[in-house]
Amino acid sequence: MTSVRRSHHKDGGGSHPPRLRPPANRVSPRAVAHWAIEYLLLWGLAFGLALGVAAWLGDAGWSGMPGWLTGRVGWLPYIVGTAGLLMVTAAPVWRYRVHRWEVSADVVYTRTGWFSREWLLVPVGRIQTVDTEQGWIERLLGLATIKVNTASHTGSSEVSGLPLAVATRLAEQLAHRAHDLRDDAT
């Protein structure tokens, strides 16, 4: 298992991590809708809680709040709503541009991340299980997630936002290939 993290700062020795090309495959464009719905539900809940907190603190006249906050508690829903709107509209598109995957004869290669990127190379010979999962939003959109598990938690990988047929076929292929490699080693 190889995990390569790349950051924008230099280390003391002046060495740079190896340059990796992006994995060849993007996730399904429907993954943008999937992630947008997830963020909308999460930020909708946060907005509702912010409204409740603002109403409760504003009506309660609670004396435990600092003076500078007393008159500004009504801003909380606006702040949370603005942050939520930005996340729902921008984050899924950004995530789609970054998240990629590829499977070669000997490795499962994924790239994820937001502000920092993570490239993960999982040798097929180390795969113990391959699972296909489908949450209710994924089911509505015809998507699925595959989880590639190794003996090491840090070596495990997942690819979300795959069309269901691709995820099912890929899981079967990886499971057979890992099984064949284990049989060859014994």
Side-chain angles (χ1 to χ4, degrees), residues 2-11 16-58 68-69 71-103 108-122 131-149 153-168 170-171:
T2 304
S3 178
V4 178
R5 283 188 188 247
R6 193 174 188 174
S7 62
H8 294 289
H9 59 82
K10 293 182 179 181
D11 61 7
H16 296 282
R19 290 202 173 266
L20 297 173
R21 65 168 175 73
N25 305 306
R26 287 190 185 271
V27 297
S28 170
R30 288 177 289 174
V32 174
H34 172 231
W35 295 323
I37 292 167
E38 282 184 340
Y39 295 141
L40 182 63
L41 293 172
L42 177 69
W43 283 96
L45 178 63
F47 180 73
L49 288 172
L51 276 174
V53 166
W56 178 66
L57 289 176
W68 62 270
L69 185 58
R72 295 179 178 97
V73 74
W75 293 3
L76 183 62
Y78 294 108
I79 293 168
V80 171
T82 302
L85 184 62
L86 286 171
M87 285 297 290
V88 168
T89 56
V93 175
W94 188 354
R95 192 172 173 183
Y96 175 75
R97 290 177 48 95
V98 172
H99 286 68
R100 291 175 171 257
W101 64 277
E102 182 176 339
V103 176
V108 177
Y109 177 28
T110 59
R111 182 181 73 181
T112 59
W114 292 67
F115 295 107
S116 63
R117 302 281 193 267
E118 182 178 35
W119 288 259
L120 187 63
L121 301 152
V122 178
D131 302 316
T132 305
E133 295 180 354
Q134 194 179 35
W136 69 273
I137 300 171
E138 288 175 311
R139 198 173 15 242
L140 287 172
L141 297 171
L143 299 173
T145 298
I146 65 162
K147 292 189 175 188
V148 177
N149 300 300
H153 172 71
T154 57
S156 298
S157 181
E158 79 174 39
V159 181
S160 62
L162 295 175
L164 179 59
V166 171
T168 304
L170 189 59

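Here the structure is a predicted model, which is why all the values come from computation and not from measurement.
- A distance of 9.5 Å separates CH2 of Trp136 from CG of Leu141, quoted to the nearest 0.5 Å.
- Contact detail for Trp101 and Arg26: the closest heavy-atom pair is NE1-O, 3.4 Å.
- Between Ser157 atom OG and Leu121 atom CG the span is 9.5 Å, to the nearest 0.5 Å.
- Remark: Ser160 OG to Lys147 NZ distance equals 9.5 Å, nearest 0.5 Å.
- Between the CZ atom of Phe47 and the CG atom of Leu76 there is a distance of 9.5 Å, given to the nearest 0.5 Å.
- Between Thr82 atom OG1 and Trp43 atom CH2 the span is 10.0 Å, to the nearest 0.5 Å.
- Contact record, Asn25 with Glu102: ND2-CA, 3.8 Å, taken as the closest heavy-atom pair.
- Within 6.0 Å of the CZ atom in Arg21, the count of heavy atoms belonging to other residues, nucleotides or ligands exceeds 12.
- Closest non-hydrogen pair, Pro23 versus Thr110, comes out as CG-C, 4.1 Å.
- The closest side-chain heavy-atom distance from Leu120 to Thr112 is not below 4.5 Å.
- With rounding to the nearest 0.5 Å, the separation of NE2 in His99 from CG in Leu162 is 11.5 Å.
- Taking the side chain as every heavy atom from C-beta outward, Gln134 and Leu143 never approach each other to under 4.5 Å.
- Shortest non-hydrogen contact noted between Tyr96 and Trp35 is N-CZ3, 3.6 Å.
- Checked against Leu170 for a side chain to side chain contact (heavy atoms under 4.5 Å, CB included), the options Val148, Val108, Val103 give a single hit: Val103.
- Under the 4.5 Å side-chain criterion, counting only non-hydrogen atoms from C-beta, Arg30 is in contact with Pro163.
- Among all heavy-atom pairs drawn from His34 and Ile137, the shortest one is CD2-CG2, 3.3 Å.
- Across every non-hydrogen atom of Gly161 and Val27, the tightest pair is O-CB, 3.5 Å.
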